[in-house]
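Worth saying up front: this structure is predicted, and the values here are computed from it rather than measured. Within every chain, numbering begins at 1; the chains are lettered A, B, ... in the order of the sequence lines, protein sequences first and strands thereafter.
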There are 2 protein chains.
Amino acid sequence: MGQKAQAIRQRIVAAADQLFYQRGYEHTSFSDIADAVGISRGNFYYHFKTKDEILNAVIDIRVDQIQRMLDAWTYEYSDPQQRILLFIDILTNNQESIKSHGCPIGSLCTELAKLSHEMLQEANVMLAVMRDWLTDQFRALGMGADARKIAMHLLARTQGIATITNAFEDQQFLRQEVKRLRQWLDEMIAQYAN
Amino acid sequence: MGQKAQAIRQRIVAAADQLFYQRGYEHTSFSDIADAVGISRGNFYYHFKTKDEILNAVIDIRVDQIQRMLDAWTYEYSDPQQRILLFIDILTNNQESIKSHGCPIGSLCTELAKLSHEMLQEANVMLAVMRDWLTDQFRALGMGADARKIAMHLLARTQGIATITNAFEDQQFLRQEVKRLRQWLDEMIAQYAN
DNA sequence: ACAGAACTAGGACAAATGTCCTAATATTTG
DNA sequence: CAAATATTAGGACATTTGTCCTAGTTCTGT
């Protein structure tokens, strides 16, 4: 595979990434992606043999993007609380798209579970990466053995907020829950500070 | 429409209800439902003209079932806290299916949002019915103007738990979060008891 | 300039989909 | 019993799907 194919491949994955988020995996066809990229449908086969292969590539770059984002936060901020607040702010920063399409990660996992698709195992790595990073932060805040459970709790809270915001198409709810989440974090930290 | 058609119609809706939950709406075909009911695919048209019509019927009976369940709880128990605990216990009582297929309500709303399906508006009535009932309970516990927001919060918590339980296929997580939810309810009530 | 590799367009293919028609069979009603 | 109505099975229909092939074009290194 030469440079050109590499570039096309990236454009395909980027287009698929967006379309899978907006329309769902199954509801996005080869034609949709080919149209978005501007290549013929037949030519698709040269770059990706199967639809699953595209899904795999999309999940891979998503995991990579998440990991890089978290690494950057770890590098730029030293205060764990500050870092967790950045995580919570993902919701606020993406409230429009969450309202329209939910959480890109959670909704993909939900769909793959319905399809009994084996790649759910790869998809939930996206969540696992965040869980582990959050666990580190909570541990640094002195929550020791509870850190992982608290991280999972926060993960679930964000998923719930995204689902309800999406179902009711209500950004106002998202903002109100983010406030609650911030308050919860404060209380949690205070509680473990003793 | 005679009695026989009425009965078949109910069986179709029941089968569609289950299949939509297990496989998702779009991923369930006319054939799937027809096979499950034991009628020919062509005959389907006599009972339902379009797929949307089946979806509508499924949502209707789900709303009805939810409403009847909540009414029964209101009738059988007088303590609002007890009633809310019954709501929370939905999670525990359905942990196997939630692990495999998520929340039937939340996952349907998520799918319909992806399909840009107008019937999302009807689907989220399922959530709205629970929200309103929960609001009544929290109000009865003295939470006044906050009752509705607290009800929405609980709704989101359950959705998040279902999504994560499903994504990680982890019932253990569900149980641990239910405990947290019970504890939260206790604290909430204590807080407003003053 | 030229050979080989990289890349592309267009369409073929079977399978599945939602929708719809029709002719036949049950069931109800007068 | 007979006529009208309700219900059914089977298949037609066009469309879309993922997959795959082939013949052509563009690029790259020599």
Side-chain angles (χ1 to χ4, degrees), chain A residues 1-20 22-59 108 111-112 114-120 122-123, chain B residues 1-20 22-59 108 111-112 114-120 122-123:
Chain A
M1 178 165 51
Q3 276 186 335
K4 196 167 184 182
Q6 204 89 27
I8 286 280
R9 208 186 138 91
Q10 282 182 349
R11 283 171 53 204
I12 289 174
V13 174
D17 186 7
Q18 192 180 3
L19 286 169
F20 288 174
Q22 294 174 346
R23 308 186 193 178
Y25 169 65
E26 207 184 17
H27 194 238
T28 300
S29 71
F30 271 93
S31 301
D32 291 334
I33 305 172
D35 287 352
V37 177
I39 64 173
S40 73
R41 208 188 50 163
N43 184 25
F44 221 102
Y45 187 67
Y46 181 78
H47 299 281
F48 289 94
K49 302 293 182 207
T50 67
K51 206 179 175 186
D52 286 359
E53 211 176 306
I54 306 177
L55 176 59
N56 217 340
V58 167
I59 292 174
L108 182 59
E111 183 177 2
L112 295 182
K114 290 262 185 264
L115 302 181
S116 298
H117 203 298
E118 324 110 5
M119 222 168 287
L120 172 60
E122 323 235 352
Chain B
M1 179 164 51
Q3 276 187 334
K4 196 166 185 183
Q6 204 89 24
I8 285 280
R9 207 186 139 92
Q10 281 182 348
R11 284 172 53 205
I12 290 175
V13 174
D17 186 8
Q18 192 180 3
L19 286 169
F20 288 174
Q22 293 174 346
R23 308 186 191 178
Y25 169 63
E26 208 183 17
H27 194 237
T28 300
S29 71
F30 272 93
S31 301
D32 291 335
I33 306 173
D35 288 353
V37 177
I39 64 173
S40 73
R41 209 190 50 168
N43 184 26
F44 220 102
Y45 188 67
Y46 181 78
H47 300 282
F48 289 95
K49 301 294 181 207
T50 67
K51 206 179 175 188
D52 285 359
E53 210 176 308
I54 306 177
L55 176 59
N56 217 339
V58 167
I59 292 175
L108 181 59
E111 183 177 1
L112 295 181
K114 290 262 185 263
L115 302 181
S116 298
H117 202 298
E118 323 110 4
M119 222 168 286
L120 172 60
E122 323 236 353

>> For nucleotides 16-26 of chain D, give me one character per nucleotide, 5' to 3': B if any protein heavy atom sits under 4.0 Å from the base, S if the only such contacts are to the sugar-phosphate, - if neither.
In response: -BBBBB-----
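Scored by the salt bridge (charged side-chain N to carboxylate O under 4.0 Å, His left out) test, A:R23 finds A:D32 as partners (sequence neighbours excluded). Applying the side-chain contact (heavy atoms from CB on, under 4.5 Å) test to B:S31 and every residue at least two apart in sequence or in another chain returns B:S29, B:R41. The ring-ring contact (aromatic ring centres under 6.0 Å, His included) check on A:F30 picks up A:F44, with sequence neighbours excluded. B:N56 pairs by the side-chain contact (heavy atoms from CB on, under 4.5 Å) definition with B:D60, B:M119, B:E122, not counting sequence neighbours. Residues satisfying the side-chain contact (heavy atoms from CB on, under 4.5 Å) test with A:A14, not counting sequence neighbours, are none.
Remark: P of C:dT28 and CD of B:Q6 are 14 Å apart, rounded to the nearest angstrom. Here C:dA16 presents its P atom at 17 Å from CD1 of B:I33, a figure rounded to the nearest Å. The distance between atom OH of B:Y46 and atom P of C:dT19, rounded to the nearest whole Å, is 19 Å. Between the P atom of D:dT8 and the CZ atom of B:F48 lies a distance of 13 Å, rounded to the nearest Å. Rounded to whole angstrom, the span from the CZ atom of A:R9 across to the C1' atom of C:dT8 amounts to 17 Å.
Between B:H47 and D:dT8 there is a side-chain N or O to OP1 or OP2 distance below 4.0 Å.
We find the CD1-NZ distance between B:I33 and B:K51 to be 7.0 Å, quoted to the nearest 0.5 Å.
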